[in-house]
Amino acid sequence: MLKKIIIALVAAGTISCAQQPSFDPASIKDSTDEIAHVEPLSWWVGMKTPLQIMVHGPGISGYDVSIEGAEGVSVTSVHKADSPNYVFVDVKVAADARPGTYYLVFTPAGGDTPAFKYPYEIAQREAGSASRKSFTTADMVYLIMPDRFANGDPGNDSVACMDEKADRSEPFGRHGGDIQGMIDHLDYIGGLGTTYIWTTPLLEDNAPEGSYHGYAASDYYHIDPRFGSNSLYRTFVEKASERGMGVIMDMVPNHCGTEHWWMDDLPFKDWIHVFPEYTGTNVCFSANMDPNASKIDLDLNESGWFVPSMADMNLDNPYVLRYFVQWAVWWIEYASLEGLRVDTYPYNEKQPAADWCAAILDEYPDMNIVGECWTSSVPQLAYWQGGNPNKDGFDSCLPSIMDFPLYDALCAGLPCDNPGWGQGMTRVYDILSHDFVYHDLSKMLIFPGNHDTARIGDIVRKDPSRLKIAMALMATMRGIPQIFAGDELMFVSSNPGDIGNHGGLRVDFPGGWPGDACDLFTKEGRDAQTVNTDGLPVSVGQAGELYRYVSALFNWRKGKKVIHDGRTVHFLSRDNTYGYFRYDDTDVVFVYVNNSDGPKNIPWTHYSEISEGLSGGRNVLTGEAVEVSDTTVAEPHSVLVVEFKR
């Protein structure tokens, strides 16, 4: 059995073939019956994060635990849980410890003779690991829901040991997209100007239905076999890196799936939040900062379950918190990740969640972590960003936040044809006028949609001109832009009667499945004169035009420091137009949006406080020289982006 364990570790990529330990299997008792789970799966020499190994097995608390192997690694303490089937083992890994395979040794309490051993790998940490880079305003993030992106390995669509099988006809079922599918289409992704890829969770999710989204983990340390394996995930990260793209992992410390293996035998009674009957969260985010909030409202926000199939974790339990700190650090180190996105961030106990962020940043000081804090309230959103001067003194230590107020303004303003007072593009102007509230505008993720929101193609009523406006705004506004896979081609929901319906908006990417009639991953497919539009996005030849437009914008953006770090000045109008400048000491980028139904003369003189003296402009999208003046006409539903040198 022990040899099988080592083979499994090699297959998963936890250790390499070159690191396989030399041992005599006959000299070590089979641990099949004694050990069910050991997490983290492995560790490294040179980590700041202290190591606490959770061991799960029948009656395991009845054993003393030590560790043997080379010098420099030792057990400092062993903690029992409420369940006799767990122990938490504190292990000290000296800075000069020798990498290799060690053995957790289990001896009956009070005895002298070891009963069995378990191999544990302490590997050499990669040089410079702690100072790894992460995503910034210089980047564009491409969001993928793997099950709906591309099926690179039909052989893993359904797996015997996993409950839910593939059924592409079921909107809320598994469709078969996987890691290999993402690897196969990295050139498409990179061609858009993408520099980071955020995927929705890939960890094992053994829910009997709806498991495709991955937000109900049943094992935090293994990739779902219907997506691939740990080692294939690491290959995905490596292949993306070869093309100049980093990978952001989606993490969910707030809840696990009710199919998680520990749900049948919780380590501690308060490992999760338990109620006499099912109790859901009240989604009362305001209780975190409301000086008038009741304690029960705050408790229900933090402790209530997200949905009945997702058990709410109790981060107030120090063992739970430490478990999730090590989990995040392990995946960053194992897979060479360069960023984290945290799901349902305000549902967590806020101080432990802040401690979680702080611990990760202690190990990786330059790591960016962006939290989903879904609120339309600017001051409530600002509260969650680390370093914000909150009146109650709370610091979330969360570097970045998702800009939902801007998203709401875009959704309200872009489709508006006959805006009343304060409507149309004025909504965008108004929301940016609140930027004074935020602590750090460079650490805000901006987006025209994601996997939980209606498709921007539906929001703009399938109008490619207004979609282009949305993409131009994403490429030129302050913050870190994120695009949801397919929005660059104006995907729309397959359920037009309910455009926010998850099963409808999370459409398959045409060409990602063997036998698809249309392949939008290829230039030929995007430019084809016949396109399958069954619940999908584009009319004849339109996909190619949109891809070239978005690609031109975001590839140009890569080298524009003025967009990454420059200041903004914008100008109010009431005619459904919007003009703004991004500028620094050497460069100026001018953006003019005409979202109205008629042509508009650009009021260049009105912008004279910054436009005066600017000449020799270049149209970013056409490459042509352009002189902007009061006689320059912007066509209806168009956007002009011009760069100048001072």
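For reference, positions follow the sequence shown, starting with 1.
Applying the salt bridge (Lys or Arg N to Asp or Glu O under 4.0 Å) rule to R506 yields the partners D452; only residues at least two apart in sequence or on another chain are considered. A search for side chain to side chain donor-acceptor pair (under 3.5 Å) contacts involving D408 returns S376, not counting sequence neighbours. Partners of Y215 according to the ring pair (Phe, Tyr, Trp, His ring centres under 6.0 Å) rule, which considers only residues two or more places apart in sequence or in another chain, are H213, H451. Judged as a ring pair (Phe, Tyr, Trp, His ring centres under 6.0 Å), and not counting sequence neighbours, Y549 has no contacts. Here R341 pairs with D250, D343, E372 under the salt bridge (Lys or Arg N to Asp or Glu O under 4.0 Å) rule; sequence neighbours left out.
In summary, the side chains of D458 and S493 do not present any donor paired with an acceptor at a separation below 3.5 Å, with no hydrogens or angles considered. S400 and Q385 share no donor-acceptor pair across their side chains, judged by distance under 3.5 Å alone. A donor-acceptor contact under 3.5 angstrom links the side chains of Y580 and T476, judged on distance only. Under the 3.5 Å distance criterion, with hydrogens and angles disregarded, no donor-acceptor pair is assigned to the side chains of S638 and N594. D430 and T426 share no donor-acceptor pair across their side chains, judged by distance under 3.5 Å alone. Checked by atom type, the side-chain pair Y142/E488 shows a donor-acceptor distance below 3.5 Å. Donor-acceptor pairing under 3.5 Å is lacking for the side chains of S377 and T375. A donor-acceptor contact closer than 3.5 angstrom is absent between the side chains of H175 and Y212.
Taking 4.0 Å as the cut-off between side-chain N and carboxylate O, R168 and D508 count as a salt-bridged pair. A salt bridge links D527 with R548; the closest basic N to acidic carboxylate O contact falls under 4.0 Å. Salt bridge present: R478 and D435 bring a charged side-chain N and a carboxylate O closer than 4.0 Å.
Ring orientation note: the planes of F644 and W604 are tilted relative to one another, at an angle of 30° to 60°. Relative ring orientation between F149 and F521 is described as perpendicular, the plane-to-plane angle rising above 60° on a 0-90° scale split at 30° and 60°. The aromatic rings of W374 and F404 lie parallel to each other, with less than 30° between the two planes, well short of the 60° mark.
Under the side chain to side chain contact (heavy atoms under 4.5 Å, CB included) test applied with I197, the options L143, I189, I248, V237 reduce to a single match, I189.
Atom NZ of K133 has more than 12 heavy atoms from other residues, nucleotides or ligands within 6.0 Å. The environment of CD in E612 is sparse: at most 12 heavy-atom neighbours from other residues, nucleotides or ligands sit within 6.0 Å. When the shell of 6.0 Å around NZ of K558 is examined, it contains more than 12 heavy atoms from other residues, nucleotides or ligands. Within a 6.0 Å sphere centred on CD of E126, heavy atoms belonging to other residues, nucleotides or ligands number 12 at most. More than 12 non-hydrogen atoms from other residues, nucleotides or ligands lie less than 6.0 angstrom from NZ of K560.
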Exercise. Please report the C-alpha distance between L553 and L621 in whole Å, then the side-chain angles of each, then the deciding distance to 0.1 Å, and finally whether the side chain to side chain contact (heavy atoms under 4.5 Å, CB included) criterion is met.
Key: CA-CA 7 Å; L553 275 172; L621 287 158; 3.7 Å; yes

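Taking the ring centre of Y334 as origin, the terminal cationic atom of R234 falls inside the region bounded by 6.0 Å and 45° from the ring axis.
Going from atom OH of Y607 over to atom CD1 of I610 covers 11.5 Å, rounded to the nearest 0.5 Å. D417 CG to N595 CG: the interatomic distance, rounded to the nearest 0.5 Å, is 8.0 Å.
Within the structure, salt bridge (Lys or Arg N to Asp or Glu O under 4.0 Å) pairs that include any residue of residues 179-195 comprise D187-R243 (at least two apart or interchain).
Taking 4.5 Å as the limit, every side-chain heavy atom of R646 sits out of range of all side-chain heavy atoms of T586. The closest side-chain heavy-atom distance from D630 to I602 is not below 4.5 Å. Between F491 and L520 the shortest side-chain heavy-atom distance falls below 4.5 Å. With contacts defined as side-chain heavy-atom distances shorter than 4.5 Å, the pair P146/L202 qualifies.
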